[in-house]
K.L.:
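Before I ask anything, let me first share the structure, which is written out below as structure tokens.
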Amino acid sequence: MSTTTLPDPPPPAPVQPPSSPEMAHLLTVVVCVVTVAGLYLAREVLIPITLAILLSFVLAPVAGLLRRLRLPRVPAVLLSVVLGLGVILLIGSIIGVQIASLARDAPRYQSAIQQKVETAQGVIFGRISEFSRRLNNEATPQAPAEAPAAAHPAPSAPPALPGAEGDRRPVPVEIKQAESSQLELVRRFVSPVLGPLETTFIVFIVAVFVLLQREDLRDRLIRLFGSDDLHRTTEALDEAGRRLSKYFLAQLTVNGSFGVLITIGLFLIGVPSPIVWGILAALFRFVPYIGSILAAALPVVLAAGAEPGWSMVIWTAALFLITEPIIGQVVEPMVYGHSTGLSPVSVIVAAIFWTWLWGPIGLILATPLTLCLVVLGRHVKRLEFLDVMLGDRPALTPVENFYQRILAGDADEALAQAETLLQDRSLSSYYDEVALKGLRMAAKDAERGVLRPERLELIRIAVAGLVNDLADTPDRDPPEKAPSTETTVSEKALPREPAPDILLPPRGERPGTWSSETPVLCLAGRGPLDEAASAMLAQLLIKHGIGARAVPHEASSREQVRNLDTTGVAMVCISYLDISGSPAHLRYLLRRLRQRMPGVPLLVGLWPEGEAVLTDAAQAKAVGADHYTSSLYGAVTQCLKVAAAGAQDPATAKAVMEKRPLPG
């Protein structure tokens, strides 16, 4: 008696090992290191040039306005630069005069501040001592008794005579410095000022030439970075110029308004020299995060020295505590358009990095320089990592985010993402554009053999939990509203298809088997995650008034198809996430279903449409299906139309279809 040996199961698809780093990646790392070293070593030259370029972005609108007033190019540029220089000199003069007036009263302020510090220390230490005594249950210690005076004081030694042998007293020596010449005095007071004046002169000279040669410099940059792709390079430069100009002008407006409010508030409170503190508050606010703290520290300290009490200090601190949140949380989002294009973490990291490279000037220039890098990363493929690391756009798309969360088996995070997306889209749109595409990624990974069975089971459980959590969410279009500030760029880019809008008569008034409790049978394909897609379709049909039940693929096998419960079934919907290769098994499946349920329309859905054999209704017809869709929206709409027409056979269903073709 011969025995039949079963063939061994096919081995899982091998996973390719990670490739070694390519030479291009190593070259990119070397270029980055050399660039950082060059920025550090050449900072004395690069800082004035960078300041001049950024100043040109601020003065460009002024020069453009003068050009529109019919001034020639050169006078318009020179006049705008002179106006900028005049504003800087005016601010410097005001600060100098105000500080000189404060210097006369500095001793009085110092003594008042010192007295308040001592008073505060006494109060604090007294409270600490009292608290410590209460904890240890100790009494207040008594003052130590005075030591008794000595009965007979020791006789003092007679003073030694000057010049005697025992005289060891030091002889005072006075060193007189020679009187400085006038040239030395001039050098001592002028040399600290020469450095800033020299830098300012270089900045304005370079800014003049940048404004005069702006178009020529743009053309040279296009030639240098991307003459073979003029569209991409021009778009990058235009976006960088537009973002920087908008950012600088917005910052000048917001910080200037902040300085004016602080000046008015300090004047009403009575703090000395309110103008200088308002100017410094506006300037300090260019420093991210810590600028407002630095701007508030000096007026608060001065208020402590200008008044014996504490009321002026409290009012000054309250002024900054109220004004800063209003400017930062209300005014700035309105002016900046809710985002500068940088993530909050990247602003902090950039501030640390540029401060390490260029010192305090780097701290002020950190945000605009980082913004330039982000724009460059969005348009240069090799520098895309800059946009990923520093930009505010999410690193993962909503589809990738969904797949990552169900891959970890975290249904709660997937539900949180779904609730965010459902604020401006229908449930069927969320299933089509996010959930099913994420399941398609999982199906491809399973086909490659990178998902173990236990991981697939974890995904199935997570998706089933998500579908159950969305059972009470209606499938309807949300009301129109302004875009949310928390909606990410990739979420805004998702398509939003409308919810199906076909109304059906009450279930008792529907003809034939459409009046049953579950007229639609949602049959899963033979893929590992097709049951999830079938459950989503059944849920959407129930939300639109058509009863449906989902059954696994094993129920339609050759051995089990005879036991399939077909009571009250008016239509069958078969769901596939992936059907690449020969669809012979689908053809035989449809044949078995027709034999089991003759006259019942059969719908095949490939969720979503991709590189598969079934690409249109003609090929679906070739394998024996009556209808074909590539979205859950299309499947639900098709079922609603067939139910509304009371269709019981494929011919009637096709006639209903032709009256209103479905999109996609």
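All residue numbers in this chain count up from 1 along the given sequence.
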K.L.:
For Asn401, enumerate each residue passing the side-chain hydrogen bond (donor to acceptor under 3.5 Å, both in side chains) test, keeping only those at least two apart in sequence or located in another chain.
P.N.:
Arg405
K.L.:
With rounding to the nearest 0.5 angstrom, report the CD to CD1 distance, Glu324 to Ile293.
P.N.:
9.0 Å
K.L.:
Nearest 0.5 Å please: distance from the OG atom of Ser273 over to the CG atom of Leu280.
P.N.:
10.5 Å
K.L.:
Once side chain to side chain contact (heavy atoms under 4.5 Å, CB included) is applied, do any residues pair with Asp412, and if so which ones, sequence neighbours excluded?
P.N.:
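Asp412 satisfies side chain to side chain contact (heavy atoms under 4.5 Å, CB included) with Asp410 once adjacent residues are dropped.
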K.L.:
Tyr430 vs Thr473, test: side-chain contact (heavy atoms from CB on, under 4.5 Å). Steps then yes/no.
P.N.:
CA-CA 12 Å; Tyr430 167 73; Thr473 303; over 6 Å; no
K.L.:
Any side-chain heavy-atom pair from Leu357 and Val36 closer than 4.5 angstrom?
P.N.:
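In short, these two side chains touch, coming nearer than 4.5 Å.
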K.L.:
Could you grab the distance from atom CG of Leu470 to atom CG of Leu415, nearest 0.5 Å is fine?
P.N.:
6.0 Å
K.L.:
Would you give the length of the straight line joining atom CD1 of Ile352 to atom CG of Leu363, rounded to the nearest 0.5 angstrom?
P.N.:
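Here the interatomic distance stands at 10.0 Å.
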K.L.:
Ring-plane angle category for Trp356 and Tyr40, please: parallel below 30°, perpendicular beyond 60°, tilted otherwise.
P.N.:
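Answer is parallel, since the angle falls under 30°.
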K.L.:
Hey, mind stepping through Leu319 and Ile262 against side-chain contact (heavy atoms from CB on, under 4.5 Å) and telling me if it holds?
P.N.:
CA-CA 7 Å; Leu319 174 65; Ile262 293 299; 4.0 Å; yes
K.L.:
Do Leu261 and Ile326 have side-chain heavy atoms sitting under 4.5 Å apart?
P.N.:
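No; the side chains remain at least 4.5 Å from each other.
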K.L.:
About how many Å separate CZ of Phe204 and CG of Leu211, when rounded to the nearest 0.5 Å?
P.N.:
11.0 Å
K.L.:
With sequence neighbours excluded, what pairs up with Arg73 under the salt bridge (Lys or Arg N to Asp or Glu O under 4.0 Å) test?
P.N.:
Glu215
K.L.:
Could you tell me which non-hydrogen atom of Pro325 sits nearest to which non-hydrogen atom of Ile322, and how far apart they are?
P.N.:
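It is CD-O, 3.4 Å.
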K.L.:
Can you list everything that forms a salt bridge (Lys or Arg N to Asp or Glu O under 4.0 Å) with Glu400? Sequence neighbours excluded, please.
P.N.:
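Residues passing salt bridge (Lys or Arg N to Asp or Glu O under 4.0 Å) with Glu400: none at all.
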K.L.:
Can you check whether Leu302 reaches Trp277 side chain to side chain, under 4.5 Å on heavy atoms?
P.N.:
yes
K.L.:
Using the test ring pair (Phe, Tyr, Trp, His ring centres under 6.0 Å), find all partners of Trp354 that sit at least two apart in sequence or belong to another chain.
P.N.:
Trp358
K.L.:
Going through the checks in order, is the side-chain contact (heavy atoms from CB on, under 4.5 Å) test met by Phe402 and Val399?
P.N.:
CA-CA 5 Å; Phe402 171 84; Val399 175; 5.7 Å; no
K.L.:
How far apart are the closest heavy atoms of Val271 and Ala303, and which atoms are they?
P.N.:
CG2-CB, 4.3 Å
K.L.:
Starting at CD1 of Ile279, measure out to CD1 of Ile91 and round the result to the nearest 0.5 Å.
P.N.:
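Rounded to the nearest 0.5 Å, the CD1-CD1 separation comes to 6.0 Å.
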K.L.:
Which donor-acceptor pairs under 3.5 Å do side chains of residues 45-67 form with protein atoms, sequence neighbours excluded?
P.N.:
unit_1: Thr50; atom_1: OG1; unit_2: Leu46; atom_2: O; d: 2.7
unit_1: Ser56; atom_1: OG; unit_2: Ile53; atom_2: O; d: 2.3

